[in-house]
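Structure first, then comments.
What you see is a predicted model; the values in this text were computed from it and never measured.
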Amino acid sequence: MTADSNHLPALKGGLLALIAAALFGISTPLVQVWGKGLGAFTTAALLYAGAAAAGALSRRAATHEAQLRKADIPRLLWMALFGAALGPVALAWGLQHTSGASASLMLTLEAFFTATLSWWLYKETMDQRVWSALLLLLAGGVALVLDQGLQGNAQLLGLLAVLAATAAWGVDSALSRGLAERDPSQVVMAKATIGSAATTALAVATGEPVPTVLAATGLLAVGATGYGLSLRFYLLAQRAIGAARTGSVFSFAPFIGAAVAFGFGDRTAGWLMVAGGMLMLAGVALHLTESHLHQHAHDAIEHEHAHSHDDGHHLHWHDQPPQGSHSHSHTHDATIHSHPHAPDAHHQHRH
C-alpha cells in the first residue's frame, strides 16, 4: 500500500467504490436506451453476458489471487439469483415504466439494504461518522426522488420494480462480502455466467423478441463496463473497507446516473437535484477521509488471499521474496498493535 492508504485506509477503498459507482451509474440510463422494446429477461441476459466476458478478459494468474473453491458455490448461486437475475430483470422492467432519472435515484436505497445486512451478518463497525455519511447520502437520494416527484414524472409501478431491484442487489452485495478475498474477475465471471444462462433460458421460454445486432452490442458493452468492471471494483472496495462502507459510497451511483440521463435530454430535474448531489458529495467526503485508530488484537489465523509484504501484517518468510501482490496460504501470529485500519479481512474485531 502507499503511504496515503496506510494513513487513510478508507481512501483507497472509497476511491474503488466511487469508480464502481460511476461505471454502474452511467449504465442505468444506457440500459434504458439500448433495452427499449426488449424483454426484461433478454436485457438481463445480455448485460450479464457482457459482464462474464469482462471477468474472463481481466483474470490474472492464480499466483496473484486466491481462487474460488467448491465451498463457494452455494454463495455464488445465491449471488447470481439475487444480483444477476432478480435485480437486473426488475430494473429492466422498471426502466420501461418510469424515467431514467427516477430509476437511477431510487437505487440510492441499496446502500441502506447493504449497510443493514452487513452490520447484521458481519458485525462491521458503524461509528457516528459512518452513520453520518450514510445519512447524508440517503438525504441526497431523498432530495433527488422528491425532485422527480415534484415534477410529476415518477410512475409508481416502475419505481416499485426498481425498489425491488435495489433490495435484490443489497442482498447480493452483502453476500459478495464473503468472496471479496477471492479473485474478483473469477467471481464476476462465475456469477455473470450463471445469471446470463438462467435469464437466457427464461427469455427463450417466454418468447421474448430477439434483439437487433445494434441493441445486443450496446447491452453487451454496457454489461461489460457497468456490471462486469463495476462489480470487480466493488469487490476490491469491499476487500479494503468492508461491505457497509462500500455500499454507502456506492450509493453515489444514482446521482451519476441521473446526471447522465439529464445529459441524454431528460430535463425533469430541478434545484433539488443539485441540493441532493451536494449532500451526496458531503457523505462521500466523510467516507474518504475516515481515519479509525486504536490499539487492537489479532488472533493467530491461517488463510489465503492476495497480499503484499509492505502493509505491516504480512511478515512471513519466502525463500525467494515475491515482487508485489501475490496469493498463497499463510499464517498470522497473534499480535497486538495500533494503526489506522478499516473493517477488512484482518480487522473484524469488536468495539
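Residues Ala20 and Phe233 share a closest heavy-atom pair of CB-CB, 3.9 Å. What you find for Leu46 and Ala216 is that their closest heavy atoms are CD1-CA, 3.9 Å. Looking at every heavy atom in both residues, Gly195 comes nearest to Ala80 through N-CB, 4.2 Å. When all heavy atoms of Gly25 and Pro29 are compared, the closest pair comes out as O-CD, 3.3 Å. Smallest separation of non-hydrogen atoms from Ala51 and Ala192: CB-CB, 3.8 Å. Taking both residues in full, the closest heavy atoms of Val89 and Ala44 are given as CG2-CB, 3.8 Å, listed atom of the first, atom of the second, then distance.
Every ring-ring contact (aromatic ring centres under 6.0 Å, His included) that Tyr234 has, sequence neighbours left out, goes to Phe250.
Looking at heavy atoms from C-beta onward, Phe24 lies out of side-chain contact with Leu231 at the 4.5 angstrom threshold. Between Met79 and Val187 there is a side-chain heavy-atom pair separated by less than 4.5 Å. Taking the side chain as every heavy atom from C-beta outward, Tyr48 and Tyr227 approach each other to under 4.5 Å.
Distance check: Leu229 CG to Leu23 CG gives 6.0 Å after rounding to the nearest 0.5 Å. Summarising the geometry, atom CH2 belonging to Trp34 is positioned 8.0 Å from atom OG1 belonging to Thr212; distances are rounded to the nearest 0.5 Å. Rounding to the nearest 0.5 Å places CG of Leu175 at 9.5 Å from NZ of Lys191. To the nearest 0.5 Å, the span separating CG on Leu202 from CZ on Phe41 amounts to 4.5 Å. Between atom CG of residue Leu76 and atom CE of residue Met189 there is a gap of 10.5 Å, rounded to the nearest 0.5 Å. Here Leu86 contributes atom CG and Asp172 contributes atom CG; the two are 10.0 Å apart, rounded to the nearest 0.5 Å.
With Arg75 contributing its side chain and Leu179 its backbone, the two residues share no donor-acceptor pair below 3.5 Å. Checking side-chain atoms of Trp93 against main-chain N and O of Ala40 turns up no donor-acceptor pair under 3.5 Å. Within the 3.5 Å criterion, the main-chain N or O of Arg182 finds a donor-acceptor partner in the side chain of Arg239. Using a distance-only test at 3.5 Å, with no hydrogens or angles considered, a donor-acceptor pair links the side chain of Ser185 to the main chain of Ser58.
Follow the hydrophobic side-chain contacts under 4.5 Å out from Ile194 and you never reach Trp78; the two are in separate clusters. In the hydrophobic clustering of this structure, Val31 groups with Leu214; members are Ile, Leu, Val, Met, Phe, Trp, Tyr whose side-chain heavy atoms approach within less than 4.5 Å, directly or through other members. Clustering ILVMFWY residues whenever any of their side-chain heavy atoms sit less than 4.5 angstrom apart, transitively, puts Trp169 in the very cluster that holds Leu30.
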Just do the side-chain contact (heavy atoms from CB on, under 4.5 Å) check on Leu16 and Gln238 with the steps written out, would you?
CA-CA 9 Å; Leu16 288 168; Gln238 285 191 328; over 6 Å; no
Assess whether side-chain contact (heavy atoms from CB on, under 4.5 Å) is satisfied between Thr225 and Ser230, documenting all intermediate values.
CA-CA 6 Å; Thr225 55; Ser230 177; over 6 Å; no
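Each of Thr199, Leu219, Val222 was checked for a side-chain contact (heavy atoms from CB on, under 4.5 Å) with Thr43, and the lone residue meeting it is Leu219.
Glu208 and Thr42 form a side-chain donor-acceptor contact under 3.5 Å, judged by distance and modelled atom types alone.
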